[in-house]
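All remarks here apply to the structure that follows.
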Amino acid sequence: TITADTAGRASILLLFAMLFDLLDGRVARLTRTQSSFGLQLDSLADVISFGVAPALLIYKAALFRHPIAGSLAAFLFVACGVVRLARFNVMSSSEPREKKPGRNTVGLPIPPAAAGLVALVVARPRASFDLAEELFSQIALGLTIALSLLMVSTVPFRSFKDLKLNTSTVLLVSFAVASSVFVWRHFSVHLVLVWLLSVYVAIGILEMVRALTRRGRRLAQSSIPPVEP
């Protein structure tokens, strides 16, 4: 196991890695220095920063209580992260380099998935009694598996790479800020990141359900035979 202080320092380092990962792509696009080598190198760094490191962190913080299931869940997270990055590289390589980033990305990106594990470690209960630790380990086990499967799913998630200053963006940012303040004041500051990532995942799932509903309606309408005059 690891102490809360050690977990906190590791979480901060991973959050800095997420910040730099967010910036490097934008810097490459602004300076027009994108390359296939950079794409592959970025993915290799992501495997370590957002795959291996968070999996090791959540295992040492909670999953060690379930040696076999916890080890398999941690391995599943890393494996699904590698598959997610490989799929992203293949899709990116098949697109023109000058093409602008799309609105959605297929599957949960690995940085938000890693942030989910980091957020859970940060929100780790400070109580040291066995019941709280056991409940936390079970939640961590379920969340690790869920995030792993979402990474290799076909659920469309917002990439936020084409955000524009409009009414929708202002409303989304306002909701994120207001709800975060509410969670902070009424629950705990450690749960803010958990809440924001839950909203992000919920948006992706709701948009997928809405797209499937629209597709079902179109198929139903196309299957209705035309009425003869």
Side-chain angles (χ1 to χ4, degrees), residues 2 6-61 63 71-122 140 143-164 193 196-197 200-201 203-204:
I2 58 176
T6 302
R9 289 198 297 267
S11 301
I12 290 174
L13 292 175
L14 288 176
L15 290 176
F16 271 110
M18 294 174 195
L19 175 62
F20 291 127
D21 180 72
L22 186 67
L23 294 176
D24 64 355
R26 284 170 168 75
V27 171
R29 285 190 292 272
L30 287 174
T31 57
R32 297 185 178 181
T33 54
Q34 301 156 278
S35 66
S36 298
F37 175 78
L39 180 66
Q40 303 300 328
L41 185 62
D42 181 72
S43 293
L44 288 175
D46 286 351
V47 169
I48 303 301
S49 300
F50 307 133
V52 177
L56 181 61
L57 179 63
I58 196 66
Y59 181 84
K60 300 294 288 185
L63 299 183
S71 299
L72 291 175
F75 173 78
L76 179 66
F77 185 85
V78 177
C80 290
V82 171
V83 172
R84 171 67 179 80
L85 290 168
R87 182 172 63 181
F88 174 79
N89 286 358
V90 171
M91 295 175 65
S92 299
S93 300
S94 62
E95 295 177 351
R97 189 172 299 176
E98 62 275 6
K99 182 179 179 180
K100 294 182 179 180
R103 175 185 177 185
N104 293 329
T105 180
V106 179
L108 181 66
I110 191 171
L117 298 187
V118 171
L120 190 64
V121 172
V122 172
L143 182 66
T144 303
I145 295 174
L147 291 174
S148 302
L149 297 179
L150 283 173
M151 281 193 288
V152 295
S153 70
T154 56
V155 178
F157 286 92
R158 294 289 185 94
S159 64
F160 297 116
K161 294 180 179 179
D162 63 338
L163 279 181
K164 298 179 181 179
L193 186 56
L196 290 176
L197 288 166
Y200 177 69
V201 172
I203 290 174

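Everything numeric here is computed off the predicted structure, so don't read it as measured data. Atoms considered below: every heavy atom in the structure, side chains included; atoms not considered: hydrogens, waters and symmetry mates.
Atom OG of residue Ser43 and atom CZ of residue Arg87 lie 13.0 Å apart, to the nearest 0.5 angstrom. Residue Leu143 holds its CG atom at 7.5 Å from CD1 of Ile58, rounded to the nearest 0.5 Å. With values rounded to the nearest 0.5 angstrom, Leu57 atom CG is found 9.5 Å from Leu120 atom CG. Taken to the nearest 0.5 Å, the CG atom of Leu85 stands 8.0 Å off from the CG atom of Asp42. For the atom pair Leu117 CG and Ser148 OG, the distance stands at 7.5 Å (nearest 0.5 Å).
The shortest non-hydrogen separation linking Gly51 to Val78 is O-CG2, 3.5 Å. For the residue pair Asp46 and Ile110, the shortest heavy atom distance occurs at O-CD1, 4.1 Å. Residue Leu14 comes nearest to Ala53 through the heavy atom pair CD2-CB, 3.8 Å, listed as atom of the first residue, atom of the second, then distance. Nearest heavy-atom pair, Met18 versus Phe50, reported as atom, atom and distance to 0.1 Å: CG-CE2, 3.4 Å. For Leu108 against Tyr200, the heavy-atom pair with the smallest separation is CD1-CE2, 3.6 Å. When all heavy atoms are compared, the tightest approach of Ala74 to Ala55 is O-CB, 3.7 Å.
Exactly one residue among Leu56, Leu72, Thr144 makes a side chain to side chain contact (heavy atoms under 4.5 Å, CB included) with Leu63. That residue is Thr144.
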Val122 vs Leu193, side chain to side chain contact (heavy atoms under 4.5 Å, CB included): CA-CA, chis, key distance, verdict: CA-CA 9 Å; Val122 172; Leu193 186 56; 5.8 Å; no
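Checked by atom type and distance alone, the side chain of Arg84 never pairs as donor or acceptor with a backbone atom of Ser153 at under 3.5 Å.
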